[in-house]
Amino acid sequence: MYEGMNEKQQEAVLHTEGPLLILAGAGSGKTRVLTHRTAYLIEEKGVNPYNIMAITFTNKAAGEMRERIDEMVGYGSESIWVSTFHSTCVRILRRFIDHIGFSTNFTIYDADDQKTLMKDICKRLQIDTKIYKERMFLNVISHAKDELIDPITFSLQAQGDYTKQRQATVYQEYQAALRSNNALDFDDLIVKTVELFKTDAEVLDYYNEKFRYIMVDEYQDTNTAQFELIRLLARKYHNLCVVGDDDQSIYKFRGANIHNILNFEKEFPDAAVIKLEQNYRSTSNILNAANGVIRNNVGRKEKVLWTENPVGDKIDFHQFDTAYEEADYIAMDIAKKVRTGKYRYRDCAVLYRTNAQSRLFEERFIVSNIPYKIVGGVNFYARKEIKDLLAYLKTIDNAQDDLAVRRIINVPKRGIGATTLTRVQDFAYEKEISFYTALKMADDIPSLGRSAAKIKPFVTFIQAMRSKLEYFTVSQILQDIIEETGYVRELEAEDTDEAKARIENIDELLTKVVTYEQSEENPTLSGFLEEVALVADIDSLDEDSDYVVLMTLHSAKGLEFPQVYLAGMEDGLFPSYMSIASDNPTEEIEEERRLCYVGITRAKENLAVTCARSRMIRGETQYNRVSRFVKEIPSELLAGTVAPEKKNQEEEQNSRRAEFAKAKSAFRAKPMALQQQSAPSRAFASASTGKITLDYQVGDTVKHMKFGEGVVTQIVEGGRDYEVTVDFQTAGVKKMFAAFAKLKKI
DNA sequence: TTAAGTTAAGTTTTT
DNA sequence: CTTAACTTAA
């Protein structure tokens, strides 16, 4: 079992008791160590799987580890907790948060919800959001929470500082609003769990006894609150194994505290430290390039990665005149490598600093017919149509969530406008009841007048759906919402590409619900909403499909690809202008450099580094020099070209513009089907070829996965799909969309 | 009072 | 180039 592991790796596996810090360089096989360690604990040390937990940052990482542990351990592995910080906390809070004054069916607010809530609070406190941005307050609050500073402490620290005092008031109000909405934001998930552990010794002891062996991945990214959480969990048995790499700490802006790794030995004086410095991932050229860059950072634990891998090709470096040429080159290079059979699409990844850079690549890839997938940008669950429908589900699930109710009260249009909403809100505020409760009492709000009549049908609808909750599945409820509100019908009537894309997203949401129902033993609406609240885009990457992946350097952490393109390597873009011009440029640029190190070390066989002399940013053309990081790569490792300075700038600019316009119109003219092929994960399977065909008709007996057998009583054509009505023997009459109901003719 | 149409402003990185 | 705020018409 331990064969093929190097000495250091074995040492890490065998060291099971007491605190352990594993400094694992990029590609040094840390996941392998963690999974083997788990297996060793169970099989050799006789530890009950129930007593083991592993914490990661993304669901994808958790899923991967789960899979590998399952393979190794076999029986009993399912009782090991393998999950992210956030879902671990949710799981604990769903059970015990009533000990600290919330109800266990709390909702989780994402960034959008937070902003809406904050806007509300600013209005109430008469703060002009043009001068003081909602985002600014939210950032301040988030940082306070990362450091476990509660509103009272914050306000104490704000003594004498007018700006800080105002922030303290906002923080206080914000927390109060969350509480009355029975909602937690992302940071609260951690903070409240810590609070729970600190106030309830019994609960803490329960988890101390349960989690006797704890492992934490990507430890360098933990913030103070997360560290405190781990410290509390490991308080009794001290069997804490953390794995991290200070050189890959890239989440300082999110509160990651690099001292957590640098000071681990101070916190736990009896800690053992093991360094994993042999890299198994990259060619030595790539690794040397990475070493050359990271060497320029001052505040780091000294270590040098080495490898026995072959030297490999030199690093391909090109400076282009414009960003279009850069995108062009990368598209052509990928096409060439796929054509010659060297790589498949999925072996290639394009990495960049900002999400905005993805657009150019997307356009080029469509023109060149290269299948691709963009990770990040607008999260699926942050899309308007998805948030609308989820808000309906949330309202049905937990009407204490004012935000959700207000989001959908006039979607679709019910003739309820801002004025009516303020009046209801005022009433609710005065009576200290929730917004939804106020809606139910619309008749008793005198200022409403005739508007009260418009509110009633909405309340009736929500109440009706709520009573259905007991007997119907989540997917059935969702379908009812879509049906009753006419959400999809409205989009169909719009008949634009955008509306079609939205309908597809809704279809995908329906598939996700059905998938959830099938995977879960006891599916509930709350359960589904929870799962949905904690997914990140990176989680949806699947290895089976063949497409080029485009993403930010941040999203790329933890992944590896044979062929990597680092695009936009320009001073001002990467390192970003923000970091160069900040108050503390040395520190911020070191963080950017670590990001660059992460980028380089994603590559296994081939690395291409590109940049452009000019590019459009926010409608303005910027002229940038080659990134300082490129210059830090030893020059003997580089091969490539630098674009000659062009004399006639303006003429160039104009022809470029024309070319761009052409590419854009081509982009628009492409039939939907092709665009979906390019981005398969966003497309709904049956929609890719347009209209689906049915092998059954009215009168036929069909079978449904959940509802069993039934007779088709009606088929209505709607856009690309059919709405099928079936009279089931056991479940009664149901209406459903053919594309996802997957009915089988018998 | 609502809803559509028009103009102005703003964009690092994210669980 | 997108999104939010403002204006104006119904």
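Protein chains get the first letters and strands the later ones, always in sequence-line order, with residue 1 at the start of each.
- Side-chain N/O atoms of A:Asp187 and A:Ser142 include a donor and acceptor closer than 3.5 Å.
- For DNA chain B, the stems formed by at least three consecutive Watson-Crick or G-U pairs, with both atom-pair distances below 3.5 Å, span B:1-10 with C:1-10.
- Contact annotation: A:Arg423 side-chain N/O to B:dT1 OP1/OP2 distance is under 4.0 Å.
- Using the six-membered ring where Trp is involved, A:Phe211 and A:Tyr207 have ring planes that are parallel, under 30° apart on the 30 and 60° scheme.
- In terms of phosphate contacts, A:Thr552 brings a side-chain nitrogen or oxygen within less than 4.0 Å of OP1 or OP2 of B:dT14.
- Ring stacking holds between A:Phe253 and B:dT13, with the centres under 5.5 Å apart and the planes within 30 degrees of each other.
- Comparing C:dT2, C:dA5, B:dT1 by their nearest atom to the side chain of A:Arg359 picks out C:dT2.
- Judged by distance alone, with hydrogens and angles left aside, the side-chain atoms of A:Thr84 form no donor-acceptor pair with the main-chain N or O of A:Phe57 at under 3.5 Å.
- Residue A:Lys252 places none of its side-chain N or O atoms closer than 4.0 Å to OP1 or OP2 of B:dT14.
- At B:dT15, none of the side-chain N or O atoms of A:Asn223 fall inside 4.0 Å of OP1 or OP2 (strictly under the cut-off).
- In this structure, A:Phe102 and A:Ala183 approach most closely via the heavy-atom pair CE2-O, 3.6 Å.
- A:Asp187 comes within 4.0 angstrom of nothing in the nucleic acid, heavy atoms only.
- Annotation: cation-pi pair A:Arg254/A:Tyr251 present, NZ/CZ under 6.0 Å from the ring centroid and within 45° of its normal.
- Distance from the side chain of A:Arg353 is smallest to B:dT13 among B:dT13, C:dT2, B:dA3.
- Contact check, A:Asn355 against B:dT11: no side-chain N or O comes under 4.0 Å of OP1 or OP2.
- An OP1 or OP2 oxygen of B:dT13 is reached within less than 4.0 angstrom by no side-chain nitrogen or oxygen of A:Ser555.
- Side chain of A:Lys413, nearest nucleotide from B:dT15, B:dA3, C:dC1: B:dA3.
- Note on A:Ile416: only backbone sugar-phosphate atoms sit closer than 4.0 angstrom, heavy atoms only; bases stay farther off.
- The structure places CZ of A:Arg94 at 4.0 Å from CD of A:Glu530, a figure rounded to the nearest 0.5 Å.
- Nucleic acid contact class of A:Thr420 (heavy atoms, under 4.0 Å, all strands): sugar-phosphate only.
- With hydrogens and angles ignored, the 3.5 Å screen pairs a side-chain donor or acceptor of A:His554 with a backbone N or O of A:Ile250.
- Taking a centre distance below 5.5 Å and an interplanar angle below 30 degrees as the stacking criterion, A:Phe186 stacks against the six-membered base ring of B:dT15.
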